[in-house]
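Labels below follow one simple rule: chain letters A, B, ... track the order of the sequence lines, proteins then strands, and each chain is numbered from 1. These values consider heavy atoms only, across backbone and side chains, with no hydrogens, waters or symmetry-generated copies.
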Amino acid sequence: MPTRRKQFPFDEFEPRWQAHWEKESTFSVPNPGDADFDAAKPKYYVLDMFPYPSGAGLHVGHPEGYTATDIITRYKRMQGYNVLHPMGWDAFGLPAEQHAIKTGEHPRINTENNTANFRRQLKRLGFAYDWSREVNTTDPSYVKWTQWIFLQLYNSYFCEEENKAKPIKELEDAGLSREEIDDRRLAYVAETPVNWSPDLGTVLANEEVEEWKEKGHTVERRPLRQWMLRITAYAQRLIDELEGLDWPKGIKLLQTNWIGRSEGAEVDFLIGEETVTVFTTRPDTLFGATYMVLAPEHPLVSEITTKDQADAVAAYQQACATKSDLERTELAKEKTGVFTGGFAINPVNGKEIPVWIADYVMMGYGTGAIMAVPAHDERDFEFASQFKLEVIEVVEAPGEPIEGCFAGEGTSINSGFLDGLPTKEAKAKITAWLEEKGLGKKSINFKLRDWLFSRQRYWGEPFPIVWRDGHHEALPESELPLLAPDLKDYKPTGTPEPLLSKATDWVELGDGVMRETNTMPQWGGSCWYYLRYCDPTNPEAPIGKAADAYWMGENQNPGGVDLYVGGSEHAVLHLLYARFWHKVLFDLGHVTTPEPFQRYFPPGLIMGEDGQKMSKSRGNVVNPDDVVELYGADSLRLYEMFMGPLEQVKPWSMKGVEGVYRFLGKVWRMVLVQDQEGDWNLSEKLKEQDPDKAANKVVHATIKKVGEDIESLSFNTAISQMMVCTNELSKRDTIPVSSVVTLLEVLSPFAPHISEELNARLGARFDSVSSEPLADREWPELDESYLVEDEVEIVLQVNGKVRDKIMVGKDDDKETVEAAALASEKVQNFIADLTVRKVIVVPGRLVNVVAN
RNA sequence: GCCGAUAUGGUGGAAUUGGUAGACACAACGGACUUAAAAUCCGUUGGCCGUUAGGCCGUGCGGGUUCGAGUCCCGCUGUCGGUACCA
């Protein structure tokens, strides 16, 4: 890129205004109880997803959402809101630890460096953050409350009757045993098969496996003792309470499907002495169950396997155990399985059906056992075809008979007392019959699993738990935060033994009392950071009552963060986890609203100039620092908003950046003209005079359009309107100063530096222009009367085709307009040989003459 | 496979409740200024036919509703994203 003269000296005034905002604490906002707090002001809480401060620095994707929220912040401030717009750091995480392994340096150092770089980059973009509220998940004062919230979960149970969390103390008072109590905690210990990565030295959540495998790490499956959070208790509420939220429909659906509610029945089958319960969503097909399948890990497999099948079954179980979930599904093209030799009795007709084990049935869902109805389930059909098992049709498809398998709804046949019933009724009847006979019951299942909450890494929050005599105990609150000790080296132990177990001095407390050595996942800190911003230094609680009531909107329905902007890649995990924690805190009375995020908006991904996803390997990554260097922060901000609709995926274009840069240059030159010496002086065209009709019209049209578009996050069209306004004003011989100032006011949320600079220069010269910074001004008032025209252009159509355009009075009645239309020469030409059948008049729009 | 999003000029994208398709930009071309270039300013720019006037066609494809469809309905196709034996 050749050096060239800048269109305007952004490199001089942008840092100057940023320093001004910092010095004046322009965007600091007081809390209830503070001296300058004004309770009469309405609040608005705009939240960005806080970044993980990676070594790579800011990516152009970050300023996309951040600029959007910044525009909202500045706009709402101008409208008189107390706006909370904070930023912080999700600073625990594997990359810093990987760096520590390589260098032997404490991960805190790397984290601090990266954080400083991120902060510098964000400040350079002029965002209106209240930096006094900055939080960092790795700060001891933050860790303290993350651990405290964990203890809230640990010390609570889910009360089914009241459908909410309650203190565990109630169970103690009720005289439950220690084991019974531990089994009901919201944070509990369980032995479960987990994804263990030997080279990362940690267990991963199911959702993380894919990501790390792509980066070349190995992940295997093995059973381990882990901390779990009982998110499944909240499954129904997490679905139901989405309803009142202003989130994109698709995102709600995504979460709903992730939670995966299905209604059906549990049915008991007898296998010899043993009872095996299956879950099915199609109890109406019970007469068509021709075999049964158990998951290979099902505890009853060994009981029911016959001697001559024992070897085959054991071999199959062995083969499955070493396969990861991924391999199980990757190899899912062909069904595999083994006959156990056992037979089950179908309770509805007493028929004996063979019992198989197969890995297409998973232990983790339902009961780990199914009744197979090959005629009406594709998987069962495939399995039955492969192993030549019986197929009995029990549902008749509506319309044409169907070859093979029919999984839809129809009418029951070959099903005794269900015959002739449509699927829905058959389901109800058989379920009632099973319940009456004590052979089964209605049942609801969720795909959602409990949340595996422990990791074996170093760089995370330690669990505030100690072990005594094989039992876990909570640390007293007074011992929080519990910080991890420094280590000599951060290399994984090579075994599933957590890294912290290396620090024996720290772990062993004497008398056989040991600290828990697992750490929390990164999600822990990010689950509640939006609460801490509201009250970032509170030493008594994660968030104080008054701060919660005001910022989270106790009296609003449903309350919570007013606008949350961040990538849809977090739409299921982070957003689900945070909602879960929030509900627990709500149930326990620590917060006053049931949902954390009232409105959520995911911006679309920004692709590389080649239309591909930005990545180092493709060499198409755009660095925001480079863009700021060449065109300034305002241009970067404005371009990212002008690219297209915020929610859309869109490719980067440097030419596009130049386009908005030129626009800002045009605004600059409308106010200032450069002389021979290169100094910028106020344009002679600017006049302190009342704006004429045309100027008022375009300026007020701009106030209206920009305001509406900000509300709906349609920033691209707001910007194009400001371009129209600028084009209109700048081509004039004299320009009313007040029109320019109004334009600067509406431009200021988008491009705050240049707007402030121009306003300051105008204020220094013209008495009529306020020198008060735009950031503290009110949003300009719209006067609709300027937008009303006496005459409007309407379109004349003949048979739907545009033939002419005429001007008519704004209040002309239909008859007048129709007469004027028919009088048009062009219309006359087209209808000369035709008969007019009908004339449609749309006031202010068009006249359509229908003729043939 | 299932779920969701989406399809408009050479490009990014605009278009109230159905009512002038292509706003605003980018690129391209032509012109002015300049010794020259950059920057700036002015003009042209969906396709086809036509010297002009003007006409015809045109919002992924095929139907439909309507005076009128980018927009609504039915049936497809492509692209992107999510998810995957969840019984």
Please report the distance, rounded to the nearest Å, between CE in A/M654 and P in B/G12.
18 Å
Under 4.0 Å, counting only non-hydrogen atoms across every strand here, what does A/F381 touch: a base, just sugar-phosphate, or nothing?
nothing
Whom does B/C41 pair with, Watson-Crick or G-U wobble, provided both distances fall under 3.5 Å?
B/G31
Under a 3.5 Å threshold, yes or no: a donor from one side chain and an acceptor from the other, between A/S412 and A/D284?
no
Picking from B/A14, B/G12, B/C85, which would you name as closest to the side chain of A/D359?
B/C85
Counting only Watson-Crick or G-U wobble pairs whose two distances fall under 3.5 Å, which nucleotide matches B/C56?
B/G47
Across the strands shown, which category fits A/G656 at heavy-atom distances under 4.0 angstrom: base, sugar-phosphate, nothing?
nothing
Taking A/E728 first and then A/K697, would you say they form a salt bridge - that is, a charged N and a carboxylate O separated by under 4.0 Å?
no
Would you mind classifying the nucleic acid contact of A/R662 as base, sugar-phosphate or nothing, using non-hydrogen atoms under 4.0 angstrom?
sugar-phosphate
Taking atom C1' in both B/A37 and B/G50, compute the distance separating them and give it to the nearest angstrom.
40 Å
Run the ring-centre check on A/F642 versus A/F750 and record whether the distance is less than 6.0 Å.
no
By the 4.0 Å heavy-atom rule, please label A/S262 as base, sugar-phosphate, or nothing.
sugar-phosphate
Mind checking A/Q7 for me? I need base, sugar-phosphate or nothing, with any heavy atom below 4.0 Å counting as a touch.
sugar-phosphate
On RNA chain B, more 5' by nearest nucleotide between A/K826 and A/Y365 is A/K826
Would you check if the distance from the ring center of A/W247 to the ring center of A/F601 is below 6.0 Å?
no
Which part of the nucleic acid, if any, lies within reach of A/N848 when heavy atoms closer than 4.0 Å are counted: base, sugar-phosphate only, or nothing?
base
What I want to check is whether the side chains of A/D634 and A/Y661 have a donor and an acceptor closer together than 3.5 Å.
no
What is the nucleic acid contact for A/D380, judged by heavy atoms within less than 4.0 Å: base, sugar-phosphate only, or nothing?
nothing
Remember a base hit wins even if backbone is also touched, and classify A/V795 as base, sugar-phosphate or nothing at under 4.0 Å, heavy atoms.
base
Need one value for A/V842: base, sugar-phosphate or nothing, where a base atom within 4.0 Å counts as base even if backbone is also close, heavy atoms only.
base
Rounded to the nearest Å, what distance is computed from the CZ atom of residue A/R845 to the C1' atom of nucleotide B/G68?
13 Å
To the nearest Å, how far apart are A/Y360 OH and B/A84 P?
20 Å
Does B/C67 have its OP1 or OP2 closer than 4.0 Å to a side-chain nitrogen or oxygen of A/K838?
yes
Just checking A/R261: base, sugar-phosphate only, or nothing, at a heavy-atom cut-off of under 4.0 Å?
nothing
Return the nucleotide paired to B/U6: Watson-Crick means purine N1 to pyrimidine N3 with N6-O4 or O6-N4, wobble means G-U with N1-O2 and O6-N3, both under 3.5 Å.
B/G78
Among the nucleotides B/U20, B/G82, B/A87, whichever has the atom closest to the side chain of A/V361 is B/A87
Looking for any heavy atom pair under 4.0 Å, which part of the strands does A/N799 touch: base, sugar-phosphate only, or nothing?
nothing
Quick one: label A/I370 by what it contacts on the DNA or RNA (base, sugar-phosphate, nothing), any heavy atom closer than 4.0 Å.
base
With no hydrogens and no angle check, do the side chains of A/T336 and A/Y360 hold a donor and an acceptor under 3.5 Å apart?
no
A/F642 near the nucleic acid: base, sugar-phosphate alone, or nothing, with a heavy-atom cut-off under 4.0 Å?
base
Do the side-chain N or O atoms of A/Q674 get closer than 4.0 angstrom to the phosphate oxygens (OP1, OP2) of B/U40?
no
Reckon A/K655 touches a base, only the sugar-phosphate, or nothing at all at heavy-atom distances under 4.0 Å?
sugar-phosphate
Does one side chain, of A/D450 or A/T232, offer a donor that lies under 3.5 Å from an acceptor on the other?
yes
When both distances are under 3.5 Å in a Watson-Crick or G-U wobble arrangement, the nucleotide paired with B/G68 is none
